[in-house]
Structure formats: C-alpha cells, structure tokens
> 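The structure that follows is given in the form of structure tokens.
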Amino acid sequence: MSGVTPIPTDTYKIGFIGAGKMAESIARGVVESNILPASRISTAHSGSGRRDAFQSFGVKVRDHNKKIPEGENLDSLKLRKTENLKEEKSQYDGRVVQDSDVVIFSVKPQIVKDVLLDLRPLLSEKQLLVSVAAGVKLKDLQEWAGHSRFIRVMPNTPAAVGKAASVISLGAAATEEDGELISKLFGAIGKIWIADEKHFDAITGLSGSGPAYIFLAIEALADGGVAAGLPRELALGLASQT
C-alpha cells in the first residue's frame, strides 16, 4: 500500500498498553522465541506483581504512579482527583506509545475506547496498532485511534503455554507486510490463521471459549476414571494427556 511507512523489521520496538496475563504471554513468547530481545519491549503498570512478571524476563516496565513533588498538591498541579489518576496513567502509557513502532492494546474491552481516545494525540500512522480486546470491531478501533493502520487479533488462553489459536484480521490501512509481522509475533505463542472480521464472533465462541469446554471434558473424564477406581492424580493425568 503506497504512502504507508514500513515498520523497520530489524529495529522495531513493541509497546503493550495493558500489562495483564495475555500481554505477558505474548511478550514472554516473543522473547523466548528470540523474535525480539526484551530490551525492545515495554509496558507500564504500578502493581508489583505485574511489574515483577514482566521484569522477570527483562521487559522494561514504566510506573503509572508519579509522586507529587514535595510542597505541591493535586490542585496546584491543575489535576482533579480521579481525572488526575487517569491523566497520570495516560502519561506513562503515552511514553510507551512514543517509544514503540508496534503498539498492542491488551486491555479489557469495556475500557479500550477510553484508552484509545486518551492516547489518540500520540498515535501516528507510522505505527502499527494491534488490539486483542475481544468483541471490539476494527471500525470502532480505527475511529477511536484516528487512523486505520490497525490489526485485530483474537488469541486464546493457551497462549500462556505457547499453544494459542490466534486469528488475525487486517484493518483498512494495514499492509500485507504488517500482517506478516504480526503473524510472526503471535506465532511465538501458537498457531495463526487470517480471516475476515465478519467471522470473529464465531471464532470467539469456538476458540476463545473453547478451552473452558475442553477443561470441563477433561474433568468429566477424570471423574469417570475416579469412579472406576483410579487415583485422582492418575485419572486427571491420563485424561489431560488423552
């Protein structure tokens, strides 16, 4: 696609907006697969547990919490209680955005709109934007971001063990090369398919919710084994491996 600045494949950096389990799984997979060094990945979070999780494999974590200088207060800094906290968080997420060529939005679906609108002034069409928020359509993501170089990805929870089933759909300005780059990144946590976004609701129901049903089936098989006289640990192991 003419006019789109290619992502520099040898030097690009990734920033995660949202530092939850899925973001951790993706970042860890990318690092452990040697696709990118941890030094080229960043995120922001104030909680020690999430910070420790990312820092354990070398990812830089910015702190959402900014200390108020001594002698100052929220009013003197022209900040307003809850809006101040939101603004501070945006400042640190903003640094992640400014440092990144690829920005992955891994936040809860109900807040992705607010997050994108907050960060919109910092988002550039030179950046490739990616969303893993379930149920949020590309047309909305593109509208909130202010541009359409966006890719929507639907991974699932087996990403935590490198066995995800991830489906990708490209936005209006995302290039074939962008799709290949994201396929490579998400290939670090499992298998990849590319599909039209119109199929995403069905995909969410199948691969997104599917692991929970498989776990139920495994548990039911293990219960059957126990009922037949097997020790629980053996029955569960056999059912899981089967």
Side-chain angles (χ1 to χ4, degrees), residues 1-20 22-23 26-27 30 35-36 40-44 60 62 64 83 86-155 166-187 192-201 203-204:
M1 185 178 296
S2 62
V4 175
T5 303
I7 300 298
T9 54
D10 293 335
T11 60
Y12 74 94
K13 296 180 181 180
I14 299 175
F16 285 90
I17 304 303
M22 182 57 72
I26 299 164
V30 167
I35 293 173
L36 281 186
R40 284 161 55 188
I41 303 173
S42 65
T43 188
K60 181 178 181 179
R62 297 187 181 277
H64 280 160
E83 291 198 357
K86 181 178 177 183
E87 182 176 336
E88 286 184 2
K89 182 179 187 301
S90 293
Q91 286 173 357
Y92 285 91
D93 281 341
R95 293 183 188 179
V96 172
V97 167
Q98 290 173 319
D99 287 346
S100 303
D101 302 289
V102 177
V103 183
I104 300 178
F105 292 87
S106 183
V107 297
K108 295 183 184 300
Q110 61 267 33
I111 67 168
V112 69
K113 178 180 180 180
D114 287 342
V115 171
L116 278 167
L117 290 175
D118 284 344
L119 295 174
R120 178 170 173 157
L122 302 176
L123 300 175
S124 162
E125 290 189 10
K126 293 181 179 180
Q127 295 169 311
L128 174 57
L129 309 182
V130 180
S131 171
V132 298
V136 184
K137 297 186 183 301
L138 277 168
K139 67 178 182 63
D140 293 322
L141 294 167
Q142 293 169 167
E143 179 183 344
W144 301 332
H147 71 79
S148 55
R149 195 178 186 183
F150 227 121
I151 292 180
R152 182 180 170 191
V153 185
M154 183 66 227
S166 299
V167 184
I168 294 173
S169 184
L170 276 61
T175 66
E176 182 178 342
E177 291 75 18
D178 291 341
E180 290 172 356
L181 185 150
I182 297 306
S183 292
K184 185 175 181 180
L185 288 178
F186 281 80
I192 302 296
W193 288 263
I194 297 177
D196 192 294
E197 191 187 28
K198 69 183 181 182
H199 298 303
F200 265 49
D201 287 346
I203 289 165
T204 301

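Quick note: residue numbers are just sequence positions, from 1. Scope of the values below: all heavy atoms of this structure, side chains included, with no hydrogens, waters or symmetry mates.
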> Between the main-chain N or O of Leu138 and the side-chain N or O of Glu197, is there a donor-acceptor pair closer than 3.5 Å?
yes
> Between Val97 and Leu122, which heavy-atom pair has the shortest distance, and what is it?
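Heavy-atom minimum between the residues: CG1-O, 3.8 Å.
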> Distance-only, no hydrogens or angles: does the Thr43 side chain make a donor-acceptor pair with backbone N or O of Phe16 under 3.5 Å?
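Answer holds: yes.
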> Are any side-chain N or O atoms of Glu125 and backbone N or O atoms of Arg149, one a donor and one an acceptor, separated by less than 3.5 Å?
no
> In Å, rounded to the nearest 0.5 Å, how long is the span from CZ of Arg120 to CG of Asp118?
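The distance works out to 12.0 Å.
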> Where do Ala195 and Ile203 come nearest, in terms of heavy atoms and distance?
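Answer, listing the atom of Ala195 first, then Ile203: CB-CD1, 4.2 Å.
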> Identify the two heavy atoms, one from Ile14 and one from Ile104, that lie closest to each other, and give their separation to 0.1 Å.
CG2-CD1, 3.9 Å
> Please identify which of these residues, Val102, Val132, Ile168, meets the side chain to side chain contact (heavy atoms under 4.5 Å, CB included) condition with Ile151.
Ile168
> Sequence neighbours left out, what passes side-chain hydrogen bond (donor to acceptor under 3.5 Å, both in side chains) with Asp99? Give chain and number order.
Arg62
> If you compare all heavy atoms of Val130 against all heavy atoms of Val153, which two are closest, and at what distance to 0.1 Å?
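Taking Val130 first and Val153 second, the nearest heavy atoms are CG1-CG2, 3.7 Å.
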> Given Leu128 and Ile182, is the side-chain contact (heavy atoms from CB on, under 4.5 Å) satisfied, shown in steps?
CA-CA 9 Å; Leu128 174 57; Ile182 297 306; 3.7 Å; yes
> By side-chain hydrogen bond (donor to acceptor under 3.5 Å, both in side chains), which residues pair with Gln142, not counting sequence neighbours?
none
> Enter the distance from Leu116:CG to Leu123:CG here, rounded to the nearest 0.5 Å.
6.5 Å
> Between His147 and Ser124, what is the shortest heavy-atom contact and its length?
NE2-O, 3.1 Å
> If I take atom NZ from residue Lys139 and atom OG from residue Ser148, how far apart are they, to the nearest 0.5 angstrom?
14.0 Å
> Does Glu176, at its CD atom, have more than 12 non-hydrogen atoms belonging to other residues, nucleotides or ligands within less than 6.0 Å?
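Count not over threshold, so no.
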> For the residue pair Ile17 and Leu119, establish whether any side-chain heavy-atom pair is separated by less than 4.5 Å.
yes
> Within a strict 4.5 Å, meaning less than it, do heavy atoms of the Pro6 and Glu177 side chains meet?
no
> Report the C-alpha distance between Val136 and Trp144 in whole Å, list the side-chain angles of each, state the deciding distance to 0.1 Å, and finish with yes or no for side-chain contact (heavy atoms from CB on, under 4.5 Å).
CA-CA 11 Å; Val136 184; Trp144 301 332; 3.6 Å; yes
> Measuring from atom OG1 of Thr11 to atom CZ of Arg40, what distance do you get when rounded to the nearest 0.5 angstrom?
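Between Thr11 OG1 and Arg40 CZ, I get 6.0 Å after rounding to 0.5 Å.
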> Can you name the residues that form a side chain to side chain contact (heavy atoms under 4.5 Å, CB included) with Lys184, not counting sequence neighbours?
Ile35
> Quick one: NZ on Lys108 to CG on Asp114, what's the gap to the nearest 0.5 Å?
14.5 Å
> Could you tell me if Asp201 and Thr204 have a donor-acceptor pair between their side chains, going purely by distance under 3.5 Å?
no
> As an exercise, state the distance from CD1 of Ile7 to OH of Tyr12, rounded to the nearest 0.5 Å.
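Reported to 0.5 Å precision, the distance equals 9.0 Å.
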> For Ile192 and Ser183, which heavy atoms make the closest approach, and how far apart are they?
CG1-O, 3.6 Å
